[in-house]
Each structure stands twice: as C-alpha cells, then as structure tokens.
Amino acid sequence: MARRRAAPLGPDYRESVLWHEGVERAHPAPGRLPTEADVVVVGGGYCGLMAAAELTRRGRHVVVLEAEELGVGGASTRNGGMVIPELKYGPRALTRKYGPLGREMAESVFDACSLVARLVDEHGIACDYQQTGGLLLAHHDAQVAGLRESEREWVDDLGRPAHFVDGDALHEEIGSSEYVAGLVMDDVAGIQPAKYHAGLVRIALDAGVELHDRTAAEVLEPRARGGWRVATTRGVVLTKDVLVATNAYIDGLVPPLKRRVLPVGSFIIATGVLDEDVARAVIPRGRMVFDTRNLLAYWRLSPDRRMVFGGRTSLAPMSVAKARDRLYEEMVRIHPQLDGMPLDFAWGGHVAITFDRMPHFGRVNGVAYATGCNGTGIALATWFGERAAAWIADGEPPPVFAHLKFPKIPMSSLRRAYLPAVGQWFRAMDRAGR
Ligand SMILES: Cc1cc2nc3c(=O)[nH]c(=O)nc-3n(C[C@H](O)[C@H](O)[C@H](O)COP(=O)(O)OP(=O)(O)OC[C@H]3O[C@@H](n4cnc5c(N)ncnc54)[C@H](O)[C@@H]3O)c2cc1C
C-alpha cells in the first residue's frame, strides 16, 4: 500500500479557522443572566441569532444562550461559505416521496438563499458576498445522466438558471481532468462565513437581543403552570418558550433530538495565497465547486485567493492533522497544479446528518427545534431561524419540513462502532459511480 504523504505546511501554519482571522468578534457584556424571558434560544449560530433578532422585532424579550465563545463554537464560522439552494434530493424525487409538499421543499431552499442575499443587502453585512455560481462535478460516467436530470429540474421545473457542461466547456470551468461533466448553477453564492455570522450578531444586538455566550443550557424543565425552567451553567431563566438551535452540536439537552441527529466531522484546509495565474488555472470562473461523491469534496477560492478545500474522506473520528494530510492528497489528485503548495490553515467542524437526509423542524416534548442541515445549512439555518420566530411569536405556518416524520438514527448509541464501516461502503460506491 502506498505510504501517505504529509501535507507541506507553511511557516505560519495553524490548526485554526482561516475565517476567524481579522474578524472582530462581538463580546456581549458578561452581565447577569436575566431571570425571566419570553423565549430562550439555545445556540448562537445563524439559526439562533436570526430567530432571536426576528422574535425581538416581533416584540418578544429574547435571551440567547451559547455554550462556547460567540463566533468560535458551532459550524457557523467554520464552514465552506457556499450558499447553495440544495437538499439531498431534487424536486422530482421529493415530489415522488412527499407529493406537493416535496415541490414546496425544493422551492423553499431558494427562498432561504434569497433571504441571505436580502439580509446582506439591507443590513450592509460586509461578508464578501458574491453570486459566483456553483459547479457540481460528476466523478464517474454513471453520474452524467443524474446531472442532465438535475439541469432539467433546475431549468424546467424550478425556472432557475443552470447549464450542463462537458468537453471544452467543462475545462473552461475547472482546471482538472478528474471529472467527466458538470452542472453550473447560477444561484449559488460565496460568503466569508465568520463575517456573515458577525453581521447577524450585530443585527441581533441592534434589535435588543440579550446574548450570553460561555453559557450552556443544561436542563429544560416544564413548569406546572406552563413555560420552562432553563437551568444553565450561570443560573436559571424562567421562560414561556424554548427554541433549540444547536444543529450538529447536539448534546443531551433534548434526548429525542440526540437520537435523531448524527454529528459527522467535516474538515477544511487552506493554502497560502495563490498567484493569480494559478488561481485562474484551478477555478477559472471563481465558482463554488463540489462533486457528486457520497464522501464529497468541496472547494473554492477565498476572497484573499487561497484554495479552500474541504470534505470527508472517512466517517471515522479523526484528528485535524490526519484529515489535513488526506485532504491535501485529494486536492493534489484533483488539481496537480497545487502540488507542493504549503498549507496555512486546517480545521474541522460537525455537520448534522439525519437518517432521511432531510432537515427537520417542529416541537418535541414541547420544545421547538430546527435541525438536520446535512452539511448545507448557511441559508437553511438562517431561514429556519426567521421562520421559527414567525411561528413562535405570531402563529405563522412553520416551514414545510415540519410535516416530515423525524426518524431515529438506528443504533445511534453504537455510532462510533459502525460509522467507519459506513464510510468504507460510501467509498466503494463512489468508486463504482453510485
Ligand atoms: C466544515 C464544515 C463545512 C460546511 N460547509 C458548508 C457550506 O459550504 N455551505 C453550507 O450551506 N453549509 C455548510 N456547512 C453547514 C453549516 O455550517 C451549518 O449547517 C450551519 O452553520 C448551522 O447553523 P446553526 O445555527 O443551525 O448551528 P451552529 O452554527 O452549529 O450553532 C449551534 C450552536 O449551539 C451551541 N450549543 C450546543 N449545545 C448548547 C447548549 N446546551 N447550550 C448552549 N449552546 C449550545 C453550540 O456551541 C453552537 O455554537 C458546513 C459545516 C461544516 C462543519
């Protein structure tokens, strides 16, 4: 077996998140935790912040509890920054499975992306938002028919701009000979995720939200006369309602959610700044790029022209250093132009996988939740937050995903034992083009 090569590291290499560099984080005053609130929101990522801002705008007194330092914990400042209107299944498969609700689900992710664009515009969020378009690449001939079908779905069913590329047109999109075809989707955009998160923090604080970080919710207890007693690491808050916006960072707070959400590691590496001609050679049109594999890779240029390359090469628990070396090999296999280019950053985070690969929204044992972004949640989590606020404050209809049954992850307590085997099975399917 060929020995794995360690990735070359630049002199300033750090095991930390590129996006955190130079972003001023809001430090909410560490004031006393209020004893009462209308709504307690658990989680200070995109979903929790958006929900809190919108609930406050609708006249509610809201307290956000974030277990970690705001802007450091969770996935919202450590993702790939690709704003993608996608679910794991296209509109035709969703309609076959869920009837007219399926189409509503497919359309809702476009609403979610429009919400991100509107927030950026209306609130002047300086997060390097750019509608770059996305490029989905087929790694195997067997995937080409699927891409053609996706093109028809985007253009004919949803009326969205997209086009299939192969041959010379493909090579004008990507400097790699590893792929057989691609689908360009114009609606996809890129952001700097931590700057977008900082923008949502500002919107929430300006609205009057009380943000408390380094404060974990530990126990949710229903009260005899309605409402909740929320015990935290810094005291108790009595509240009328609770929204749990923890996505993959699920702990034992709401046990039925823990049995339904599987946190899986995803890792990202970032090279040093590329010369302009090298950047143009790898992603000539600056698209957000991802491929069709089960153990997918996703990559893009950062606003300061680094290659940012992410993915999962296994489902087994893994150190950042090991994932980094594997991702580097993968990056160089796809883009040999980058061989020898040292890395400046590597980091990881968790994505929330559900058994049906769908997002979920609703109440369990009386607690409201929005979860299950399955690796594509920048737009969805923001939109879930906004919709949750309208639902909780004013009884507006919940997102269509509230109609789905939320299946348990089979044998979830044994996940550490069986996940590596699932990963190997995914890799075998990827080799076979399935
Ligand atoms: C490496 C990686 C790459 C990704 N790339 C993309 C991408 O390119 N495009 C895309 O659309 N999506 C991407 N995602 C997914 C996206 O980042 C998430 O779907 C999104 O950030 C979820 O936002 P959220 O607010 O729901 O949850 P998070 O941002 O994860 O926030 C949840 C928060 O809850 C807090 N918390 C948990 N338990 C408690 C408790 N008991 N008390 C208080 N606080 C608690 C956590 O500390 C955490 O900060 C990626 C994710 C990862 C990890």
Side-chain angles (χ1 to χ4, degrees), residues 17-19 40-52 63-87 109 112-113 116 134 188-194 196-197 200 211-220 230-234 237 242-254 257-258 261 263-269 288-290 296-300 308-312 320 323 327 346-353 359-361 369-385 388:
V17 182
L18 162 69
W19 312 124
V40 165
V41 173
V42 182
Y46 303 140
C47 182
L49 292 169
M50 190 64 221
V63 173
V64 175
L65 305 174
E66 167 52 53
E68 305 288 331
E69 185 182 338
L70 194 64
V72 176
S76 290
T77 64
R78 52 185 61 240
N79 58 61
M82 303 184 180
V83 185
I84 311 173
E86 79 147 9
L87 294 168
V109 287
C113 289
V116 174
V188 175
I191 58 167
Q192 204 283 31
Y196 176 61
H197 181 268
L200 294 187
L211 270 172
H212 292 268
D213 68 350
R214 298 182 172 101
T215 309
E218 292 188 312
V219 183
L220 302 178
V230 183
T232 82
T233 44
R234 287 181 51 232
V237 190
V242 179
L243 170 67
V244 174
T246 53
N247 200 41
Y249 290 77
I250 187 87
D251 51 18
L253 189 65
V254 186
L257 285 183
K258 197 173 165 69
V261 176
V264 171
S266 185
F267 296 89
I268 300 185
I269 53 177
M288 302 288 124
V289 188
F290 29 98
L296 91 168
Y298 49 91
W299 63 107
R300 61 172 289 182
V308 173
F309 189 94
R312 285 186 288 280
V320 172
L327 282 177
W347 68 94
H350 290 115
V351 297
I353 305 295
H360 288 272
F361 185 101
Y369 65 85
T371 189
C373 292
N374 285 281
T376 313
I378 297 174
L380 199 67
T382 310
W383 184 74
F384 265 174

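Atoms within a ligand are numbered from 1 in the order they appear, just like the ligands themselves. Along the sequence shown, the residues carry numbers beginning at 1. The basis for the numbers below is simple: all heavy atoms, side chains too, and nothing from hydrogens, waters or symmetry mates.
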- Message: For ligand 1 and His350, I'd like to know whether there is a polar contact (N/O to N/O, distance under 3.5 Å).
- Response: no
- Item | Enumerated ligand 1 atoms positioned under 4.0 Å from heavy atoms of Arg78 | 1 (C), 2 (C)
- Which residue owns the protein heavy atom closest to atom 13 (C) of ligand 1, what's the atom, and how far is it? Gly375 O, 3.2 Å
- Message: Is it true that Tyr46 and Asn79 share a donor-acceptor pair across their side chains at a distance under 3.5 Å?
- Response: yes
- For the side chain to side chain contact (heavy atoms under 4.5 Å, CB included) test, which of Asp251, Leu257, Ile250 pairs with Leu253? Asp251
- Query: Do any nitrogen or oxygen atoms of Cys373 come within less than 3.5 Å of a nitrogen or oxygen of ligand 1?
  - Reply: no
- Task: Pull out every atom of ligand 1 sitting under 4.0 Å from any heavy atom of Thr376, numbered as shown with elements.
- Result: 10 (C), 11 (O), 12 (N)
- At the 4.0 Å heavy-atom cut-off, does Ile84 count as touching ligand 1? no
- Determine whether any heavy atom of Thr215 lies closer than 4.0 Å to an atom of ligand 1. yes
- Item | Proximity winner for atom 1 (C) of ligand 1, if only heavy atoms of Tyr298, Phe384, Trp347 are counted | Tyr298
- Item | Polar side-chain atom of Arg78 near backbone of Trp347 as donor-acceptor pair, under 3.5 Å | no
- Any idea which of Val42, Val230, Asp213, Asn247 brings a heavy atom closest to atom 40 (C) of ligand 1? Val42
- Message: Only heavy atoms of Gly43, strictly under 4.0 Å: list the atoms of ligand 1 that pass.
- Response: 33 (C), 34 (O), 35 (C), 44 (N)
- side chain to side chain contact (heavy atoms under 4.5 Å, CB included), paired with Asn247, selected from Leu380, Val351, Thr371, Asn374: Thr371
- Query: Should one rank Gly377, Gly45, Gly311, Ser76 by closest heavy-atom distance to atom 23 (O) of ligand 1, which comes out on top?
  - Reply: Ser76
- Task: Heavy-atom contacts with Gly74 under 4.0 Å: which atoms of ligand 1 show up? List them by number with element.
- Result: 30 (O), 48 (C), 49 (O)
- Query: Are the aromatic rings of His360 and Tyr369 close, with centres under 6.0 Å apart?
  - Reply: no
- Element-labelled atoms of ligand 1 that are located less than 4.0 Å from some non-hydrogen atom of Ala67: 43 (C), 44 (N), 45 (C)
- Task: Could you check atom 9 (N) of ligand 1 against the protein and tell me its nearest heavy-atom contact, residue, atom and distance included?
- Result: Met82 O, 2.7 Å
- Closest non-hydrogen atoms of Ala248 and His350, given as atom of the first, atom of the second and distance, are CB-O, 3.4 Å
- Task: Say whether Gly81 and ligand 1 are in contact under the criterion: heavy-atom distance to a ligand atom below 4.0 Å.
- Result: yes
- Message: Can a donor-acceptor pair be found, under 3.5 Å and without considering hydrogens, that links the side chain of Thr77 to the backbone of Gly71?
- Response: yes
- Under 4.0 Å from any heavy atom of Val351, which atoms of ligand 1 are there? 51 (C), 52 (C), 53 (C)
- Closest heavy-atom contact between Ser76 and Gly45? OG-CA, 3.6 Å
- Within a distance under 4.0 Å of any heavy atom of Gly73, pick out the atoms of ligand 1 and give their elements. 49 (O)
- Message: Heavy atom to atom 11 (O) of ligand 1, shortest distance: which of Ile268, Val116, Ile378 holds it?
- Response: Ile378
- Which part of Glu218 is near ligand 1, with near meaning a heavy atom under 4.0 Å away: side chain, backbone, both or neither? neither
